[in-house]
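Data first, discussion second: the structure below is written as structure tokens.
Predicted, not measured: the structure shown is a model, and the values here were computed from it. Below, each value reflects all heavy atoms present in this structure, side chains not excepted, and no hydrogens, waters or symmetry copies.
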Amino acid sequence: MELKKEDLKQLEAKGIQPETVRRQLQCLQDTAHFVECVRPAVDGDGIITLTDKEMDRYDTQYGQQINGIEVVKFVPASGAATRMFKKWFQLLENGTEADLRCEAEQLPEYPFYPVLAHEMEKKGLSLADLLQKKEYHTVFSFILKEDGLNYGQMPKGLLPFHRYGDGIRSAFEEHWMEGAVYACGGGKVRLHFTVSPEHLSNFQALSDQLKSKYERDELLYEVSFSEQMPQTDTVSLTEKGDLLRDGQGKLLFRPGGHGSLIYNLNQMDADVVFIKNIDNVTTDALKPDTYRYKKSLLGLLLELQRQCFQYMHLLDNETLSFEKETELKQFMQNKLHCMFPENLAGQTLAGRIACYRRLLDRPIRVCGMVKRENEPGGGPFWTRNGQKVSLQIVETAEMNLDNPEQGQCLEESQYFNPVDLVCSLKNYRQEKYNLLDYVDKERYFIAEKSYKGQKIRVLEHPGLWNGAMSAWHTLFVKVPLSTFTPVKEVRDLLRPAHLNRG
């Protein structure tokens, strides 16, 4: 399929190489490809369970080093709340009065209820009167649509999530509260949010308000934003296998999924980065578990990083005693799950040292994992790629569930990925890794979508914590369910983790 001259001009304007689009086309035209899962990661076999003594030790490591390193909390926050309100949109279209009444009866429990009443009053409407008159359609339309609160199109991060005695906090603000506890070094909290361009100004305005509210002499906030880069957009195919174009014949591009954010993460100038989704927050009363485990995960990362750095400095000397080489191999196999080539023993010392350096010198991630409770989505597995077996976060969409062995592997999985990562981004010389060098480009996603009534085939990049971090050193640590409190649909705001009675 040839690209037109007009296509090449369009690609140049977006900063996309023609070779990139040609590869995307090849991916879209290929048959389904899957990750081969060998077995699920379980307790003692891929999942680490920390004892209280270990957590105390890692907490000490955290306390000793947090003021000497640059830490950033990285929060993907571009997602709109459309799916969150899917049920209410459906009820507005074809719900019965009984259905709407059932939802309306719970409205006073939601954190945004006072905002709703106030905004309706500003427009000459009485929420109490409308509910009493059973004009539910008017109320829910006001919540969701543009002539009211427009929550159906707002990003989750800006929605009211929790009600406190002194006000209402958005998910965005709750991340500020968390960051001050575990992502604060030397009195500075660094937060980074990836947002969509149409909502950037709203996030910036709220950020200015929160700075005035929370900053003081001993606690400063450094808050930054980025957008998904245009050069990470992808092309799509029609049912006939043609490139998807608009009415003027121009190529139509789609965002490349959260895997595109590896480019944003690669721009971070930090030693360590916490990654957590925008909707995974809870109220102050329930935050202590999150704080304790976040500090422990970072402490574990720092201890592992220190050991890696010590061995890398040792390898710089290009001399290894038999004892030190044995120690290094055991560390790499037992702690990092490295696999050595079969001919390693037959290589010269210089050849073995080069092999150790290649396997050892790479980014590190420590990932919290929670017990699976019927959640759809990814989890921790041992996977095989050629001769290499490694720990990976695998989405169900990456598994060939028509294969009985893969289906059984999923059935036996016990843990779920809550997106709770701590990442080390610099090497032992304090140089930034180029994170793009560690992406498994073959772990892209193909999905069927629709565009103006026609089916299209779309491409997403390897997921940020899936294929985009495939070649990182990976540790999975069990964390309690109390640290995983996402809001996927509006009713989740009525769960105990979000209902603040204080």
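- At most 12 heavy atoms of other shown residues, nucleotides or ligands fall within 6.0 angstrom of atom CD in Glu405.
- Looking at Arg495 and Asp492, a side-chain N of the basic residue comes within less than 4.0 Å of a carboxylate O on the acidic one, giving a salt bridge.
- Other residues, nucleotides and ligands contribute over 12 non-hydrogen atoms within 6.0 Å of the NZ atom of Lys371.
- One finds the CG atom of Asn417 at 4.0 Å from the CD1 atom of Ile393 (value rounded to the nearest 0.5 Å).
- For Glu448, the CD atom sits in a packed shell: over 12 heavy atoms of surrounding residues, nucleotides or ligands are nearer than 6.0 Å.
- Here the NE2 atom belonging to His498 is positioned 5.0 Å from the NE2 atom belonging to His162, to the nearest 0.5 angstrom.
- Met84 contributes atom CE, which lies 9.5 Å from atom CD of Glu489 (distance to the nearest 0.5 angstrom).
- A 6.0 Å sphere centred on CD of Glu327 holds more than 12 heavy atoms belonging to other residues, nucleotides or ligands.
- Side-chain contact annotation: Arg254 with Thr234, donor-acceptor N/O pair under 3.5 Å absent.
- A salt bridge does not link Glu411 with Arg372: none of the charged nitrogens is closer than 4.0 Å to a carboxylate oxygen.
- Classified by interplanar angle (parallel below 30°, tilted 30° to 60°, perpendicular above 60°), the ring pair Tyr214/Tyr221 is tilted.
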After noting the C-alpha distance and the side-chain angles of Lys426 and Asp269, does the key distance pass the salt bridge (charged side-chain N to carboxylate O under 4.0 Å, His left out) rule? CA-CA 9 Å; Lys426 292 183 179 179; Asp269 186 13; 3.6 Å; yes

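- Look at Arg57 and Glu54 and you find no salt bridge, because none of the NZ, NE, NH1 or NH2 atoms lies under 4.0 Å from a carboxylate O.
- Asn280 and Asn277 form no side-chain donor-acceptor contact under 3.5 Å, judged by distance and modelled atom types alone.
- In this structure, the separation between CH2 on Trp472 and OH on Tyr433 is 10.0 Å, given to the nearest 0.5 Å.
- Residue Leu435 holds its CG atom at 11.5 Å from OH of Tyr263, rounded to the nearest 0.5 Å.
- Judged purely by distance below 3.5 Å, without hydrogens or angles, the side chains of Tyr438 and Arg362 never pair a donor atom with an acceptor atom.
- Under the 6.0 Å distance and 45° angle rule, Lys294 counts as a cation-pi partner of Tyr182.
- Of the listed residues (Arg169, Lys295, Lys73), just one forms a salt bridge (Lys or Arg N to Asp or Glu O under 4.0 Å) with Glu178, and that residue is Lys73.
- Ring orientation note: the planes of Phe74 and His192 are close to parallel, at an angle under 30° on the 30°/60° scale.
- Within a 6.0 Å sphere centred on CD of Glu412, heavy atoms belonging to other residues, nucleotides or ligands number more than 12.
- Within 6.0 Å of the NZ atom in Lys441, the count of heavy atoms belonging to other residues, nucleotides or ligands does not exceed 12.
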Salt bridge (charged side-chain N to carboxylate O under 4.0 Å, His left out) between Glu174 and Lys156: does it pass, once the steps are laid out? CA-CA 12 Å; Glu174 291 291 14; Lys156 280 187 184 180; over 6 Å; no

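- By the neighbour-count criterion of 12 heavy atoms within 6.0 Å, atom CG of Asp316 is densely surrounded, having more than that number from other residues, nucleotides or ligands.
- Atoms NE2 and CD, from His33 and Glu398 in turn, are 7.5 Å apart once rounded to the nearest 0.5 Å.
- A donor-acceptor contact shorter than 3.5 Å links the side chain of Thr485 to the backbone of Val281.
- Ring planes of Phe193 and Phe172: tilted class, angle from 30 to 60°.
- Enclosure of atom NZ in Lys211 by more than 12 non-hydrogen atoms of other residues, nucleotides or ligands within 6.0 angstrom is indicated.
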